[in-house]
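Worksheet for the structure shown next.
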Amino acid sequence: MQRWSKLFIPTLREAPADAEVASHKFLIRAGYVRQLAAGIYSYLFMAQRTILKITGIVREEMDTIGQELYLPALNPREVWEASGRWSVMGDNMFRLKDRKGADLCLGMTHEEIMTDIARKELRSYKQLPQIWYQIQTKFRDEPRPKSGLLRVRQFTMKDSYSFDLTREGLDKSFDLHDAAYRRIFKRCGLEFVAVEADSGSMGGSQSQEFMVYTDAGEDLVASCGKCGYAANLEKATSQLAVEADQPATASGAREKILTPGTKTIDDVAAFLKVPVNNNMKSLAYVMTDEVKGQPFYRPLLVLMRGNDQMNEAKLGGAIGGREFRPMQEEEIVKYFGSPAGYLGPVGLPQVTLAEEKGKAAYAGDDKAFVVLMDKALDGRKNLVGGANVAEHHFVGLNRGVDFDVTTVADLRNVVEGEGCPKCGAPLKLGKTVEIGHIFKLGTKYSESMGATVLDENGKERVIIMGSYGIGVERILTSCIEQNHDDNGFWLAPSIAPFTVVVVPTVMKDAAIVEAAEKIAAELEAAGYDVLLDDRDERPGVKFKDADLVGIPYRVNIGKLLAEGKVEVVERAGSKKTEVAMAGVLEHVRALYNPRA
RNA sequence: CGGGGCGUAGCGCAGCCUGGUAGCGCACCUGCCUUGGGCGCAGGGGGUCGCAGGUUCGAAUCCUGUCGCCCCGACCA
């Protein structure tokens with residue numbers, strides 16, 4: 001049992017002005033955390049207690065499928081060079097030098113270190129499969145830390161890695177994680193969805209994210225209430241309504257039209273009286289490419305329907321993970337010979353598509369464009385597009401006649417209400433926070449770093465890996481986002497810093513204090529984490545604090561004691577019940593039994 | 001990286017425009033009072049006005065630089 005009067009729980013009546021989201025405000029107000037710098041927080045007593053409970057649950061579940069390790073956060077450059085990520089990670093990686101001038105970094109994730117152990121130690125297929133996990137601090141120099149503990153530069157991650165000989169083995173390791181993650185999040189009291197996701201810069205094939213719906217989220221998830229389909233916007237697709245094409249021009253060929261002052265798609269559509277989606281908008285980018293090891297910038301043109309939004313993750317995937325950025329004004333003039341607003345694919349020099357080690361390669365000089373077309377434009381006729389001449393657009397554009405494309409790909413963002421790709425029911429879009437991510441890495445790291453074993457035929461085989469993460473603090477923040485009101489928040493008893501707070505309303509009343517002590521001791525003995533609010537404060541202060549700090553159950557001992565009763569309050573829903581002294585334990589146990 | 005905002009007591013803010021040596025509420029300390037939803041009264045402690053430089057007799061206030069923090073954007077050409 002802990003006594004509030006002895007603890008450091010610095011609650012605040014007001015939240016700092018710069019706190020925006022609920023979890024940030026309440027973590028500060030409830031005395032859980034204090035900020036040290038942008039995206040760097042100190043966890044005080046209450047936060048640390050719940051973090052320990054969360055990691056306790058994570059550890060219990062992970063121990064059923066793997067083994068816990070603990071790896072260095074301070075990493076030498078060499079390990080990250082071995083995988084190629086020393087340069088890929090860019091400014092997101094914290095870097096430093098030791099006294100000898102050698103480069104070090106702070107780990108953002110631990111594929112490299114785990115793979116390094118595997119390549120040095122694993123020799124035989126008989127040692128596989130392995131699942132190794134750790135709970136470690138991760139460091140990421142986020143370009144923009146925000147929303148309290150939601151996007152930070154230092155945080156706790158449970159990360160695990162699986163090592164298998166076969167694809168089937170990887171599938172099994174993946175499924176084990178999927179099941180363990182569901183158990184973990186459920187035990188933490190979270191509502192979550194598992195969604196198809198983009199595997200991003202980590203590389204890999206199948207990828208699944210665990211998301212929590214909250215307005216504080218940064219990711220959009222498209223989901224179908226009918227069949228259960230759910231996917232990150234970076235991956236989501238939909239069934240689109242068929243749209244009517246424009247009739248061909250009178251001549252049957254494309255025609256160049258003067259369209260003065262029409263710099264946006266909407267302007268053009270209105271001017272020509274053509275539906276926006278019969279317009280083809282041209283987005284200009286430059287991408288990094290290389291020929292024979294020589295890197296250079298290559299122009300990239302993306303063709304989309306007028307109303308559609310391009311998704312950068314999808315674009316990145318469509319160009320094989322090459323880096324890209326929007327073209328700047330001077331570059332537009334240089335590559336297109338036209339000012340922005342009138343760009344189109346007609347007459348541009350274009351690359352040819354080659355195949356290199358199973359990866360798409362582009363052949364052509366540095367003036368040659370890669371032209372990508374969104375799938376929604378596939379088969380469309382007589383489109384409107386820029387003429388690469390100021391104040392002019394073409395009508396009657398047709399692929400194969402007026403222009404060619406390098407690749408057709410799904411590049412657009414799904415819009416709410418479009419048909420589910422599986423069952424056709426309308427899709428919903430919701431903001432979410434990512435709390436976990438599991439994916440099949442394949443051989444990306446084991447191959448580049450040389451992690452191999454001998455199989456039963458004595459043949460060298462590259463280990464097949466998976467990588468799996470959980471953001472520990474995000475479990476806490478998500479719980480608060482999902483369970484709060486104006487007065488504070490409540491956590492699931494499994495992760496709350498205390499399960500019950502016992503509140504004697506008047507400390508000068510010996511009978512009340514005695515009864516409170518008795519009840520607190522009784523609950524403690526029954527396995528509850530009990531906080532006794534023995535502060536000499538007015539009842540109102542104690543009640544306000546109790547509501548604020550996330551404890552799911554409260555027992556008030558006060559004026560009802562004259563009748564031999566106390567009051568049990570369930571924080572979620574604020575349900576109050578009068579209970580006889582002797583029945584308190586039984587009543588609370590019916591709400592939650594820590595030993596069940 | 002682009003744009004915007006803010007740095008004055010632990011928290012929330014005023015003062016700055018129009019320079020004259022810093023204030024309010026909450027919190028904190030002492031005493032009295034009160035005791036079921038942040039009670040009341042009295043007294044008290046606490047601030048390099050983010051930092052550096054400049055202008056001035058004099059700078060929280062004006063100027064320059066710098067650091068920090070927050071928000072928006074970094075797809076619709």
Side-chain angles (χ1 to χ4, degrees), chain A residues 10-21 24-25 28-29 31 34-40 90-91 143-148 151 218 233-234 262-269 276-277 279-285 300-316 324-333 335-336 338-344 374 385-388 390 393 411-413 415 486-488 503-509 512 533 535-548 554 556-562 566-567 569 574 576 578:
Chain A
T11 59
L12 259 31
R13 195 180 289 223
E14 290 175 285
D18 51 24
E20 299 276 321
V21 303
H24 187 195
K25 287 179 186 164
I28 303 279
R29 280 195 57 204
R34 289 294 184 261
Q35 184 177 33
L36 180 63
I40 304 176
D91 289 338
R144 193 175 146 208
K146 57 183 278 201
S147 306
R151 180 163 291 280
E218 301 181 300
L233 194 66
E234 295 174 349
T262 54
K263 287 195 68 118
T264 70
I265 285 288
D266 287 341
D267 291 343
V268 179
V276 178
N277 273 351
N279 282 261
M280 181 166 65
K281 69 181 167 192
S282 298
L283 310 179
Y285 290 84
L300 170 62
L301 183 67
V302 179
L303 303 174
M304 309 280 304
R305 293 194 310 184
N307 268 336
D308 287 346
Q309 295 193 329
M310 196 200 70
N311 184 288
E312 292 198 348
K314 288 182 175 179
L315 174 58
F324 61 91
R325 60 167 173 79
M327 211 178 257
Q328 287 160 9
E329 194 74 29
E330 321 83 71
E331 293 171 317
I332 289 176
V333 174
Y335 286 114
F336 289 86
S338 156
Y342 305 94
L343 307 183
D374 182 61
N388 294 328
H393 283 81
L411 300 169
R412 67 185 291 278
N413 276 338
V415 174
D486 291 345
N487 293 321
V503 181
T505 53
V506 183
M507 292 305 289
K508 286 198 171 63
D509 186 323
I512 287 177
D533 190 352
R535 295 175 300 167
D536 188 14
E537 291 283 357
R538 296 171 58 82
V541 173
K542 294 188 175 189
F543 295 159
K544 286 286 185 190
D545 272 345
D547 283 348
L548 178 61
R554 167 154 60 103
N556 292 332
I557 295 103
K559 60 188 183 188
L560 290 171
L561 190 63
V566 300
E567 189 174 56
V569 184
S574 303
K576 294 177 185 169
E578 293 180 11

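Just so you know, these numbers use all the heavy atoms, side chains as well, and skip hydrogens, waters and symmetry mates. Just so we're on the same page: letters track the sequence lines, and every chain starts at 1. Quick caveat, the model's predicted, so the values are computed rather than measured.
Pair check for B:G73 finds B:C1; Watson-Crick or G-U wobble, both atom distances under 3.5 Å. Figure legend. B:C6 is base-paired to B:G68; pairs are counted as Watson-Crick or G-U wobble with both atom distances under 3.5 Å. In this structure, B:C49 makes no Watson-Crick or G-U wobble pair, since no nucleotide meets both defining distances under 3.5 angstrom. The partner of B:C24 is B:G12, judged by Watson-Crick or G-U wobble contacts that both fall below 3.5 Å. Within the shown strands, B:C41 is the pairing partner of B:G31 under the Watson-Crick or G-U definition, both distances less than 3.5 Å.
Atom C1' of B:C63 sits at a distance of 26 Å from the matching atom of B:G2, rounded to the whole Å. With P as the reference atom, B:G12 and B:C75 are 33 Å apart, rounded to whole Å. The P atoms of B:G10 and B:C49 are separated by 13 Å, rounded to the nearest whole Å. Atom P of B:C51 sits at a distance of 29 Å from the matching atom of B:G44, rounded to the whole Å. Taking atom P on both B:G54 and B:A9, the two are 25 Å apart, rounded to the nearest angstrom. The separation of B:C17 from B:C62, taken at their C1' atoms, amounts to 11 Å, rounded to a whole angstrom. B:U61 and B:G15 have their C1' atoms separated by 9 Å, given to the nearest Å. B:A60 and B:G47 have their P atoms separated by 16 Å, with the value rounded to a whole Å.
The separation between A:Ile332 atom CD1 and B:C75 atom P is 13 Å, rounded to whole Å. If you take CG of A:Leu343 and P of B:C75, they are 16 Å apart, rounded to a whole angstrom. If you measure from atom NE2 of A:His393 to atom P of B:A77, you get 10 Å, rounded to the nearest angstrom. Following rounding to the nearest Å, A:Arg13 (CZ) and B:G25 (C1') show an atom-to-atom distance of 10 Å. Rounded to an integer number of Å, the gap from NZ of A:Lys146 to P of B:G5 is 20 Å. Whole-Å rounding puts the A:Lys544 NZ to B:A27 P distance at 14 Å. The nearest whole Å value for the distance from the NZ atom in A:Lys542 to the C1' atom in B:G37 is 13 Å. In this structure, A:His24 places its NE2 atom 10 Å from C1' of B:C70, rounding to the nearest Å.
For A:Asp547 and B:G37, a side-chain-to-base donor-acceptor distance below 3.5 Å is present, hydrogens and geometry of angles not being considered.
When atom types are taken as modelled, the side chain of A:Ser147 and the backbone of A:Val21 share no donor-acceptor pair closer than 3.5 angstrom. With hydrogens and angles disregarded, no donor-acceptor distance shorter than 3.5 Å links the side chain of A:Thr11 to the backbone of A:Arg29. Formation of a donor-acceptor pair under 3.5 Å by the A:Asn311 side chain with backbone atoms of A:Asn413 is not found in this model. Listed for the A:Arg34 side chain is a donor-acceptor partner under 3.5 Å among the backbone atoms of A:Ile28.
Ranking B:C75, B:A77, B:G12 by closeness to the A:Asn413 side chain, first place goes to B:C75. For A:Gln35, taking side-chain heavy atoms from C-beta onward, the closest of the listed nucleotides B:C69, B:C11, B:C75 is B:C69. For A:Glu14, the listed nucleotide lying nearest its side chain is B:G12; candidates were B:G12, B:A77, B:C69. Listed nucleotides B:C70, B:C75, B:G38 differ in distance to A:Pro326; the shortest reach to its side chain belongs to B:C75. Closest contact between the side chain of A:Met327 and the listed nucleotides B:G37, B:A77, B:G12 involves B:A77. Comparing B:A77, B:C69, B:A27 against the side chain of A:Ala38 picks out B:C69 as the nearest.
The pair A:Arg554-A:Asp547 counts as a salt bridge, with a side-chain nitrogen and a carboxylate oxygen less than 4.0 angstrom apart.
Put simply, the side chain of A:Tyr285 reaches to within 4.5 Å of the side chain of A:Leu315, judged on heavy atoms. A 4.5 Å side-chain heavy-atom check between A:Thr264 and A:Lys281 finds every atom pair outside the cut-off.
Looking at heavy-atom distances under 4.0 Å, A:Ile28 makes no contact with the nucleic acid at all. In this structure, A:Arg29 reaches the bases: a heavy-atom distance under 4.0 Å links it to at least one base atom across the strands shown. Among the heavy atoms of the strands lying under 4.0 Å from A:Pro145 are primed sugar atoms or P, OP1, OP2 only; no base atom is included. Within the nucleic acid shown, A:Asn487 has no heavy atom closer than 4.0 Å to any nucleic acid atom. Using a 4.0 Å heavy-atom distance criterion, A:Ala19 is classed as making no nucleic acid contact. Counting any heavy atom pair closer than 4.0 Å across all strands shown, A:Ser147 reaches sugar-phosphate atoms only and no base atom. Looking at heavy-atom distances under 4.0 Å, A:Ala284 makes contact with a base.
For the side-chain hydrogen bond (donor to acceptor under 3.5 Å, both in side chains) with A:Asn556, the qualifying choice from A:Glu578, A:Lys542, A:Glu567 is A:Glu567, the only one to do so.
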Applying side-chain contact (heavy atoms from CB on, under 4.5 Å) to A:Asp374 and A:Leu303, what does each step give before you reach the verdict? CA-CA 6 Å; A:Asp374 182 61; A:Leu303 303 174; over 6 Å; no
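Nearest heavy atoms, A:Pro539 versus A:Thr505: CG-O, 3.6 Å.
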Please tabulate the protein-to-nucleotide N/O contacts below 3.5 Å involving nucleotides 34-36 of chain B, giving atom names and distances.
residue: B:U34; atom: O2; partner: A:Arg538; partner atom: NH1; Å: 2.8
residue: B:U35; atom: O4; partner: A:Lys508; partner atom: NZ; Å: 3.3
residue: B:G36; atom: O2'; partner: A:Lys559; partner atom: NZ; Å: 3.2
residue: B:G36; atom: N7; partner: A:Lys559; partner atom: N; Å: 3.4
residue: B:G36; atom: O6; partner: A:Gly558; partner atom: N; Å: 3.3
residue: B:G36; atom: O6; partner: A:Lys559; partner atom: N; Å: 3.1
residue: B:G36; atom: N1; partner: A:Glu567; partner atom: OE1; Å: 3.3
residue: B:G36; atom: N2; partner: A:Glu567; partner atom: OE1; Å: 2.1
residue: B:G36; atom: N2; partner: A:Glu567; partner atom: OE2; Å: 3.4

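Looking at which nucleotide of RNA chain B each of A:Glu312 and A:Gly148 is closest to, the 5′-most match is held by A:Gly148.
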